[in-house]
Every structure is written in C-alpha cells, then in structure tokens.
Amino acid sequence: MILLDGKKTSADIKEEIALEVADLKAKDKKAPHLAAIIVGNDGASLTYVNAKVKACERVGFESTLIRLSEETTEEELLNEIAVLNVDNDINGFIVQLPLPAHIDEQKVLMAVAPEKDVDGFHPMNVGKLALNLPTFISATPFGILELLERYNVETSGKNVVVIGRSHIVGSPMSILLAQKRKVGNATVTLTHSRTKNLEEITKEADIIVAALGIPEFLKGEMVKDGAVIIDVGITRVADPSKKSGFRLVGDVDFAGVKDKVSHITPVPGGVGPMTIAMLLKNTLLAYYRQED
Ligand code: NAD
C-alpha cells in the first residue's frame, strides 16, 4: 500500500513556488499578493485563514488579511470586495466561508472579479471548469488532481466513484476526472445521499473519492482489492486524550481498508494540506495572467 502523502507533496509544491517567487524578486519584479477577507470570529475559520496567510509569507508572497466584525452588513462586505477588485496590487483574494447568516453567500461570491477569484467559486469560473477552459480550479479538487499526478496514479479508462455532490468538492471532482485531461479520462459515477446500493457501486471502483463528511463511512467490505482511495473528509471527533480535546477523522475507515488498497490518503496529512498549496498555486497563476 502506498500512502499518498499530502503533507510532503504540499511542502514540495510550496518549495517550488518559493523558488519561483525568489526568481521573480531577483529580476526586480513584485511578488504575488493574496488577500483574504474574514467576517466574524469563528475559531475554525480563523485558524484556516491564518494558515493561508502564514503560507503566503513562507513562499515570499505579499498577503493582506482583512478582518471584519460579525455585525458587518452585506453592503459593507460588497464594498470591501469592490475595492479589492480594482486594487492593482492584489492579484487574488478569497472570502473565507462560512459567512454570518445575514449575508447572502452567493451574492458575495458573485461580486468577486473572476480574474481574482483564486478560490474558483465564481459561477463564471465554475462554468469554465465545466467546459474544460482555463480557469481557477478550486483548491480541494485541484489538490486531488495534483496528488494523483505526482504519484503517477493512472485515471484514464478507470472506474471512479465520487461520494458526495457538494459544489466545492464532489461535483467539480466528478467533472474534472471525466474530462479529457492529463489526470482525467475516467468513467465517473457521482453518488450522493439518495444513491441506492452504494456498496455495489463502490465495490466496482478502481478509484474512490470519499467527500461526504461522515467519519469512517467507507468500510473495507465496500472496496475492491487494489483500489485507490482519496479521503476528503475532515470531522472533529471528541478525544479527551488530545490537548485540543478532539482528533480529525476522515470519511474512510483507514484501518479497515488499508490492507486491501493500492494507494490511500491519510487523515490528517492527505488532501487537507494540499488545499493551501493549491490556493498559492492559483494566486501565482492569477499573478502571471495579470502581468501578461
Ligand atoms: P457537504 O456536507 O456539502 O455535502 C455532503 C455530500 O455527501 C452531499 O452531497 C450528500 O448528498 C452526500 N452524502 C451524505 N450522506 C451520504 C450517504 N450516506 N451516502 C452517500 N452520500 C452521502 O460536503 P463537503 O463540503 O464536500 O464536505 C465533505 C467532507 O469533506 C467534510 O468532512 C468536509 O469537512 C471535508 N472537506 C475537506 C476539505 C479538505 O481540504 N480536505 C475541503 C472541503 C471539505
């Protein structure tokens, strides 16, 4: 069994980006600049957004964190976005989700200029993704493609089963893997909460992407020998033995499947760390597109 090591792979990618940025700076070019807006004080969201800002610093990017209070109105947030859209110093920016309930998330995501939408959530970028046109592929599916590529996992002609149809993971993943592209050309089945006889479907899969958010859902008996397993799930499960009081659990029963499969991503240390690396990659892409 080969562990698809997202921690190591993401460190490699960040190293490659850092070298590229150093090269730009040596040529007196300005560094790529990522901004992030966060509304409110949600602990997990703050942790994620701080990790993104730190990652920018480590690779030599400029970064700006805009912290807005929980009481920020939709109009105020849209005004902040409008400022970033026209700020020539900012190459890309993200609005950390979730937003407080009084703010319309869709309206906010639609307000981000598509050429700076490094999360790839704007409908124009989602549409381009569906048409296999150059765009920003959102970080989690992008990270999975990158892991499969770097570990030389063959996807062409394979049976892929994606579990979960969310807009940020399952749906784009199913579209991308079916497309005519380097990591793609697969025969994809997209499954979800209304799917019948899921086990019969997963047992036929050469590659399974589990993105449903139910801890240890995918069991050994649901997987065929030699399958490749991508575990996207991250659920905090109470664990008094940990200093934090919780541990992170994936959607796959790792202990139950590990001896059957050919490749598997661990949780933590699999898909999760890839996400930030791919956000940096998208920012670099935005930079080059704007510089051109
Ligand atoms: P979501 O909660 O938006 O959607 C869950 C999906 O699972 C739905 O489409 C639903 O139909 C499907 N589902 C639910 N129960 C099912 C069942 N019994 N059988 C089959 N399908 C079922 O999902 P999401 O936002 O894509 O998140 C999924 C998991 O991935 C969560 O644990 C989340 O924390 C994690 N996640 C991780 C990353 C990362 O960077 N590693 C990024 C995003 C999400």
Side-chain angles (χ1 to χ4, degrees), residues 3-11 13-14 36 42-45 47-52 55 94-99 105-106 109 118-121 126 129 136-148 160-177 188-205 208-219 221-223 229-238 246-254 264-282:
L3 208 60
L4 298 169
D5 187 343
K7 204 170 161 192
K8 184 193 174 294
T9 308
S10 68
I13 294 168
K14 285 186 213 159
D42 177 67
S45 296
T47 308
Y48 288 137
V49 91
N50 281 326
K52 290 170 188 173
I94 59 163
V95 182
Q96 185 67 40
L97 302 177
L99 291 166
E105 193 173 293
Q106 205 50 45
L109 296 180
V118 286
D119 258 342
F121 291 159
V126 177
L129 180 143
F136 298 110
I137 300 175
S138 61
T140 304
F142 196 11
I144 294 169
L145 292 183
E146 191 78 19
L147 257 185
L148 292 170
V160 173
V161 173
V162 177
I163 313 177
R165 58 180 163 187
S166 76
H167 291 158
I168 58 164
V169 189
S171 290
M173 204 64 250
S174 68
I175 294 168
L176 290 160
L177 286 170
V188 182
T189 306
L190 179 60
T191 67
H192 45 77
S193 53
R194 304 287 179 93
T195 298
K196 297 213 163 67
N197 307 323
L198 183 65
E199 187 172 330
E200 280 170 31
I201 300 168
T202 55
K203 269 203 293 217
E204 295 297 315
I208 300 176
V209 180
L212 69 160
I214 302 179
E216 299 182 343
F217 175 86
L218 192 76
K219 306 285 183 204
E221 60 270 21
M222 299 169 78
V223 171
I229 310 291
I230 306 293
D231 188 353
V232 186
I234 307 176
T235 306
R236 286 182 177 193
V237 173
F246 66 83
R247 67 194 155 89
L248 298 179
V249 180
D251 287 347
V252 177
D253 172 15
F254 189 90
I264 185 166
T265 58
V267 176
V271 175
M274 294 298 290
T275 303
I276 291 184
M278 301 323 277
L279 175 68
L280 298 178
K281 217 161 174 163
N282 272 342

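Whatever order the structure lists them in is the order used to number ligands and atoms, beginning at 1. Residue numbers start at 1 and run along the sequence shown. Below, all heavy atoms of this structure are taken into account, side chains as well, without hydrogens, waters or symmetry copies.
Here atom 15 (N) of ligand 1 lies nearest to Ile214 when heavy atoms of Thr265, Ile214, Leu248 are compared. Nearest residue to atom 31 (C) of ligand 1 from Ala139, Gly213, Pro172 is Gly213 (criterion: closest heavy atom).
Each of the following atoms of ligand 1 lies closer than 4.0 Å to a heavy atom of Thr140: 40 (O), 42 (C). Close contacts between ligand 1 and Phe217 involve ligand atoms 18 (N), 19 (N) [criterion: under 4.0 Å to a heavy atom]. Each of the following atoms of ligand 1 lies closer than 4.0 Å to a heavy atom of His192: 11 (O), 19 (N), 20 (C), 21 (N), 22 (C). Near Gly164, with a cut-off below 4.0 Å to any heavy atom, the atoms of ligand 1 are 6 (C), 7 (O), 9 (O), 12 (C). Counting atoms of ligand 1 from 1 in the listed order, those under 4.0 Å from a heavy atom of Ile163 are 20 (C), 21 (N).
To the nearest 0.5 Å, the span separating CD1 on Ile229 from CG on Asp253 amounts to 11.0 Å. Going from atom OG1 of Thr202 over to atom CE of Met222 covers 4.5 Å, rounded to the nearest 0.5 Å. Within the model, atoms CZ of Arg236 and CD1 of Ile234 stand 9.5 Å from one another, a figure rounded to the nearest 0.5 Å. How far NE2 of His192 is from OG of Ser166: 12.5 Å, rounded to the nearest 0.5 Å. Atom OG1 of residue Thr140 and atom CD1 of residue Ile276 lie 10.0 Å apart, to the nearest 0.5 angstrom.
Panel note: side chain Thr265, backbone Val271; no donor-acceptor pair is recorded below 3.5 Å. Without hydrogens or angle criteria, Asp231 side chain to Asp251 main chain gives a donor-acceptor distance under 3.5 Å. Here the side chain of Ser171 pairs no donor or acceptor atom with the backbone of His167 at under 3.5 angstrom. With hydrogens and angles disregarded, a donor-acceptor distance shorter than 3.5 Å links the side chain of Asp42 to the backbone of Ser45.
Under the 4.0 Å distance rule, the nearest protein heavy atom to atom 13 (N) of ligand 1 falls inside the cut-off. Counting protein heavy atoms under 4.0 angstrom from atom 2 (O) of ligand 1 gives zero.
In terms of N/O distances under 3.5 Å, ligand 1 is approached by Ser193. Considering backbone and side-chain atoms alike, Val169 places every N or O at 3.5 Å or more from each N or O of ligand 1.
Within the 4.0 Å heavy-atom cutoff, Val271 counts among the residues contacting ligand 1. Residue Gly170 places no heavy atom under 4.0 Å from ligand 1.
Counting heavy atoms closer than 4.0 Å to ligand 1, residue Leu212 contributes atoms from both its backbone and its side chain. With a heavy-atom cut-off of 4.0 Å, Thr275 touches ligand 1 through its side chain alone.
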Exercise for the section: Apply side-chain contact (heavy atoms from CB on, under 4.5 Å) to Lys203 and Val223, showing your working. Expected result: CA-CA 5 Å; Lys203 269 203 293 217; Val223 171; over 6 Å; no
Problem - Asn282/Ile137 under side-chain contact (heavy atoms from CB on, under 4.5 Å): CA gap, chis, key distance, verdict - result: CA-CA 8 Å; Asn282 272 342; Ile137 300 175; 5.5 Å; no
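The nearest protein atom to atom 24 (P) of ligand 1, hydrogens excluded, is given as Ser166 OG, 3.6 Å; this is a heavy-atom distance. Nearest protein neighbour of atom 30 (O) of ligand 1, counting heavy atoms only, is Val232 O, 3.5 Å. Here the protein heavy atom with the shortest distance to atom 27 (O) of ligand 1 is Ala211 O, 4.6 Å. When hydrogens are left out, the protein atom nearest atom 34 (O) of ligand 1 is Ile234 O, 3.1 Å; that is the closest non-hydrogen contact. Protein heavy atom closest to atom 8 (C) of ligand 1, with residue, atom name and distance, is Arg165 N, 4.0 Å. The nearest protein atom to atom 25 (O) of ligand 1, hydrogens excluded, is given as Ile168 CD1, 3.8 Å; this is a heavy-atom distance.
For the side chain to side chain contact (heavy atoms under 4.5 Å, CB included) with Ile163, the qualifying choice from Thr195, Leu218, Val232 is Leu218, the only one to do so.
Between Arg165 and Ser193, the closest side-chain pair of non-hydrogen atoms falls below 4.5 Å.
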